[in-house]
Amino acid sequence: MKKLSFLTACLMFSAGVLAAAADQISVDKPYVRLLPPGAQTTGAFMVIRNSADKDVKLVKADNPASRVTELHTHLNEGGVMKMRPVAAIEIKAKGEALLQPGGLHIMLIDLKAPLKEGDIVPITLGFDDGSSKKVDAKVLKAAPEAGMSHHQH
Amino acid sequence: MSERILLAIAAALAAAVLGLALFWQPELPERPLPAPAALSGGDFTLLAANGPFSLHDLRGKVVLLYFGYTYCPDICPTSLAATAEGLKQLTPAEQAKVAMVFISVDPERDTPARLKEYAEFFHPAMLGVTGTPESLAEIARRYGVFYARQPVATAGGDYVVDHSADTYVVDAAGKLVGKIAHATPPDQVVLAIRKYLNQP
């Protein structure tokens with residue numbers, strides 16, 4: 001009996017230690033921006049929070065609606081906006097990463113079919129420890145009202 | 001006696017200092033002038049879905065010009081949506097005196113028909129136009145717009161277009177008068193438009 005409880009404790013302990021990055025991640029207000037019919041690419045935005053004590057890196061994303069999914073950012077150089085792919089998006093320990101228009105975003109490239117307002121795009125986020133998390137992002141014409149503005153720096 | 005000489009020397013020195021202060025005009029170091037404001041703006045003719053469009057067709061209205069491209073998944077939609085929302089917040093009388101034109105600097109991919117669909121998605125009165133690479137470059141130079149095609153290692157398409165993300169404001173007389181910065185929220189866009197609408 002004692003052995004069993006010891007074993008249970010061990011299991012629980014290891015579960016705590018080996019928790020996947022994805023388990024410590026929560027995602028708020030995920031959405032995909034609705035673009036005009038015929039648009040081939042669009043962006044997905046969200047707030048990714050990390051409740052763990054160590055940094056986590058988002059290293060890839062995937063979704064069934066587009067042929068390619070990439071992590072991108074924008075650089076504003078003297079009023080000129082430059083969009084560039086990034087290898088990873090870091091989410092600090094006990095911190096958050098803000099994916100929003102004009103900055104970091106998940107880019108859905110080469111859409112297989114036009115998206116309609118209200119569609120749900122399941123996006124799978126892949127982290128640097130190999131774990132992943134699926135979020136359902138709704139297709140919206142404009143950013144969700146609450147929650148985005150007060151996160152701005 | 002020596003005191004007097006000292007005093008005289010002191011007086012002479014004081015006079016010299018005063019003289020220098022009054023009459024010495026050191027040559028000022030050459031100061032680089034700020035880039036000459038040679039942004040002449042001015043008229044241009046491009047192509048819309050229903051034929052040639054000239055800026056002077058909109059004489060009498062405040063015109064908002066945005067330079068971008070429809071493959072732009074984020075920056076252009078952000079700017080255009082904010083501007084469109086600002087336009088919608090104007091009174092009908094004010095709306096009648098404002099126009100919005102989206103100029104594609106990616107004529108290789110953006111046809112006038114595609115631009116019409118794209119611009120009208122944001123606002124039914126928004127006009128989408130483009131032209132030859134040469135005419136676009138010439139207009140961009142006059143308006144101080146920067147854009148550059150960049151071969152970027154992205155799996156989607158072969159290139160992205162870096163571009164100025166500000167909205168350029170042309171007054172009712174056709175003169176380039178200002179800019180509205182990228183990501184200006186709609187209520188600020190309204191204030192900016194009213195500022196130019198109410199200019200004498």
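Remember, predicted model here, so these are calculated numbers, not experimental data. Here is how names work: the chains are called A, B, and so on, in the same order as the sequence lines, proteins then strands, and each is numbered from 1.
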Separation of [Y] [atom2] from [X] [atom1] (nearest 0.5 Å):
| X | Y | atom1 | atom2 | result |
| --- | --- | --- | --- | --- |
| A:M83 | B:C72 | CE | SG | 7.0 Å |
| A:K82 | B:H163 | NZ | NE2 | 12.0 Å |
| B:F121 | A:L34 | CZ | CG | 4.0 Å |
| A:M81 | B:F146 | CE | CZ | 13.5 Å |
| A:Q100 | B:T78 | CD | OG1 | 9.5 Å |

message: Shorter than 4.5 Å, heavy atoms on both sides: which option in B:K179, B:Q150, B:H182 has the most such pairs with chain A?
response: B:Q150
- request: Could you check if a side-chain atom of B:P77 sits within less than 4.5 angstrom of a side-chain atom of A:L35, using non-hydrogen atoms only?
  value: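 B:P77 vs A:L35: side chains touch.
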[X] atom [atom1], over 12 foreign heavy atoms within 6.0 Å:
| X | atom1 | answer |
| --- | --- | --- |
| A:K134 | NZ | no |
| A:K116 | NZ | no |
| B:K116 | NZ | no |

task: Would you check, one step at a time, whether the test side chain to side chain donor-acceptor pair (under 3.5 Å) holds for B:D74 with A:H74?
output: CA-CA 9 Å; B:D74 181 16; A:H74 272 103; 3.3 Å; yes
statement: If one checks every heavy atom of B:A183 against chain A at 4.5 Å, the contacting part turns out to be neither
- request: Below 4.5 Å from any heavy atom of chain A, which atoms of B:S164 appear? Answer side chain, backbone, both or neither.
  value: both
Hydrophobic cluster membership, with links at side-chain heavy-atom distances under 4.5 Å among I/L/V/M/F/W/Y: are [X] and [Y] in one?
| X | Y | answer |
| --- | --- | --- |
| B:V161 | A:V80 | no |
| A:V86 | A:F127 | yes |
| B:V63 | B:L47 | no |
| B:L55 | B:L39 | yes |
| A:F45 | A:I120 | no |

Pick from A:R84, A:R67, A:E77, A:Q40 with the largest number of heavy-atom pairs that fall under 4.5 Å of chain B: A:R84
- prompt: Between B:F122 and A:K141, is there a cation-pi geometry (under 6.0 Å to ring centre, at most 45° from the normal)?
  reply: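 No cation-pi geometry.
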statement: Looking only at heavy atoms, the pair that brings B:P73 and A:R33 closest together is O-NE, 3.6 Å
field: Contact origin within A:L108 toward chain B - heavy atom pairs under 4.5 Å
entry: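 Contact with chain B: none, neither part.
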